[in-house]
Each structure stands twice: as structure tokens, then as C-alpha cells.
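This report concerns only the one structure given below.
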Amino acid sequence: DTGVSQNPRHKITKRGQNVTFRCDPISEHNRLYWYRQTLGQGPEFLTYFQNEAQLEKSRLLSDRFSAERPKGSFSTLEIQRTEQGDSAMYLCATGTGGWETQYFGPGTRLLVL
Amino acid sequence: ELKVEQNPLFLSMQEGKNYTIYCNYSTTSDRLYWYRQDPGKSLESLFVLLSNGAVKQEGRLMASLDTKARLSTLHITAAVHDLSATYFCAAADSGSARQLTFGSGTQLTVLP
């Protein structure tokens, strides 16, 4: 257990529905990242927060995706109008300001039917 | 654009044998990370390599970094079944976000 928690752990939804995931970071970590991992692949970067500011977004993050980190604590990732291609594991990772490792949460596995 | 390539993608080895996983990266990232992932689980940090010539060892695993060759290796010594997992290397972006770019992973199976 890295100290990063994510909820829910599993989500099954129908195409076209909206879903929201939550990440609670290690308390002293000001950096928070969202990654997406599909079967047989490494995680791919989606977006990055430093404290409450969203400073970087991947081109993978379409307009249907939005992320927030109010007050620089927990973060949410929302996917609107889900598509079957959104099915993946969504991972949250946190870190401090240096080059040390990022600590990953257990992930939310999304299945879009 | 930073790219990371790992090989082999699949590795099946006998207990007690040695082997090396290779990780090449495309630009001057020079910060290299190794993670382990068990099936259905998240990623566990193994090593952080931050400078040329860095070598880190933990148990039967040893990681090294050659920034001139843009190559990192993960060496497995006298493999045991418990090492069966998928191993990922990742390079950190040199910008302020420092997001990680991952390789495709090496699925290691240690056979008795």
C-alpha cells in the first residue's frame, strides 16, 4: 500500500454515461498525476496537477475528459459520454517536488459496455 | 517526443538463472525509473536512477543507467518464482511536469 487511494476500484457503465473517479494522494505530496493503462501496455500520461493548478494535459485527454483538484488535496477525473475505447485502468500517482519516484494508487478499472 | 522501448516483451526463465531486461529511451531524459506490476495490481516502485553510472540493487534485482547510450538495464540474478511479474521502465520528462513515459513492459515468468 503506497498511501495513495482511489475509488471506486471497479466501474462498469454503459456507453454514453458519465463516470467520475476519485484519487486521494499522500497528504504531503503536492504533485498529482493521472495515467491510463490499457491491457498489455504501460501507463500513458493524461494530466498533471501541482497543488490545485492543472499545469499539463496530454493530447490523449479529449474534451470529454475533465480533471480537478480543489484545494490541492483529492482529485477527480470525469469522463463524459463514455465510449468503449475508454475502457482501461485509470491510475493516479503522486509525488513531491523532486525527481524521486511517483507513488501509484491501486487504480480504477473502467469497463464501458 | 520522449519514447521508451523495452526488450524483451516476454521472458520465460528457469529458476536459478540470470537474465537482463533492456530499456532504451529516445531523448535526454536521464532520469529512469523501474516499476513492478503484478496481474490486476498497481505499480510498485523498484528503483530510481538519476545520474549516469547509477547502480541500484535490491535482493536479486540490480538496475543501472548509462546516459550516454540512453540505456538502462534490469539484471535478475538467480531468479525465483516470486519475481514473476511485469516490469516497466519509465523515463521522466525534463519539463516541469516530469510526467513519466513508460515502456511496454516485460512480462517475466520464472519457471520451477
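A, B, ... follow the sequence lines: proteins, then strands. Residue 1 opens every chain. The model shown is predicted, which means the values in this text are computed figures rather than measured ones.
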Inset, instruction - Go through the atoms of B:Arg31 and report whether side chain, backbone, both or neither lie under 4.5 Å from a heavy atom of chain A. - result: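 Side chain of B:Arg31 only, per the 4.5 Å heavy-atom cut-off to chain A.
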Inset, instruction - With a 4.5 angstrom heavy-atom cut-off, could you sort out which part of B:Leu50 is near chain A: side chain, backbone, both or neither? - result: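 Side chain only.
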Legend entry - Ring centre gap for A:Phe104 and B:Tyr35 strictly below 6.0 Å: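 Between B:Tyr35 and A:Phe104, which both carry aromatic rings, the centre distance is below 6.0 Å.
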More than 12 non-hydrogen atoms from neighbouring residues, nucleotides or ligands closer than 6.0 Å to [atom1] on [X], yes or no?
| X | atom1 | answer |
| --- | --- | --- |
| A:Leu113 | CG | yes |
| A:Ile12 | CD1 | no |
| A:Arg64 | CZ | yes |
| B:Glu5 | CD | no |
| A:Glu52 | CD | yes |
| A:Phe65 | CZ | yes |
| B:Glu58 | CD | no |

Inset, instruction - Classify the side-chain pair B:Gln37/A:Gln37 by whether it contains a donor and acceptor separated by less than 3.5 Å. - result: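 The criterion, which ignores hydrogens and geometry beyond distance, is satisfied for A:Gln37 and B:Gln37.
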Inset, instruction - Report the option among A:Gly42, A:Ala93, A:Gly40 that has the most heavy-atom pairs separated by less than 4.5 Å from atoms of chain B. - result: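 Option with the greatest count: A:Gly42.
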Inset, instruction - Identify which of A:Gln102, A:Glu56, A:Arg109 forms the greatest number of heavy-atom pairs closer than 4.5 Å to chain B. - result: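 So the answer, after comparing A:Gln102, A:Glu56, A:Arg109, is A:Gln102.
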Inset, instruction - Flag yes if B:Phe88 and B:Tyr25 sit in one hydrophobic cluster, no otherwise; membership is Ile, Leu, Val, Met, Phe, Trp, Tyr, and two members link when side-chain heavy atoms are under 4.5 Å apart. - result: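 B:Phe88 does not cluster with B:Tyr25.
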Inset, instruction - Please report the shortest heavy-atom distance between B:Ser104 and A:Gln41, naming the atom on each side. - result: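 That would be OG-OE1, 3.9 Å.
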Legend entry - Nearest non-hydrogen partners of A:Phe45 and B:Gln99, listed with the distance: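 Minimum heavy-atom separation between A:Phe45 and B:Gln99: CD1-CB, 3.3 Å.
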Legend entry - Interchain contact, A:Leu55 with chain B, by part (heavy-atom threshold 4.5 Å):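 When you check distances to chain B, no heavy atom of A:Leu55 falls under 4.5 Å.
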Inset, instruction - Give a yes or no on whether the backbone of B:Leu100 and the side-chain of A:Tyr35 come within a donor-acceptor separation of less than 3.5 Å. - result: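 Pair found, side chain donor or acceptor close to backbone of B:Leu100.
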Inset, instruction - Using atom types as modelled and distance alone, determine if a side-chain donor or acceptor of B:Ser42 lies under 3.5 Å from a backbone N or O of A:Gly107. - result: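 Not confirmed, B:Ser42 side chain does not pair with A:Gly107 backbone.
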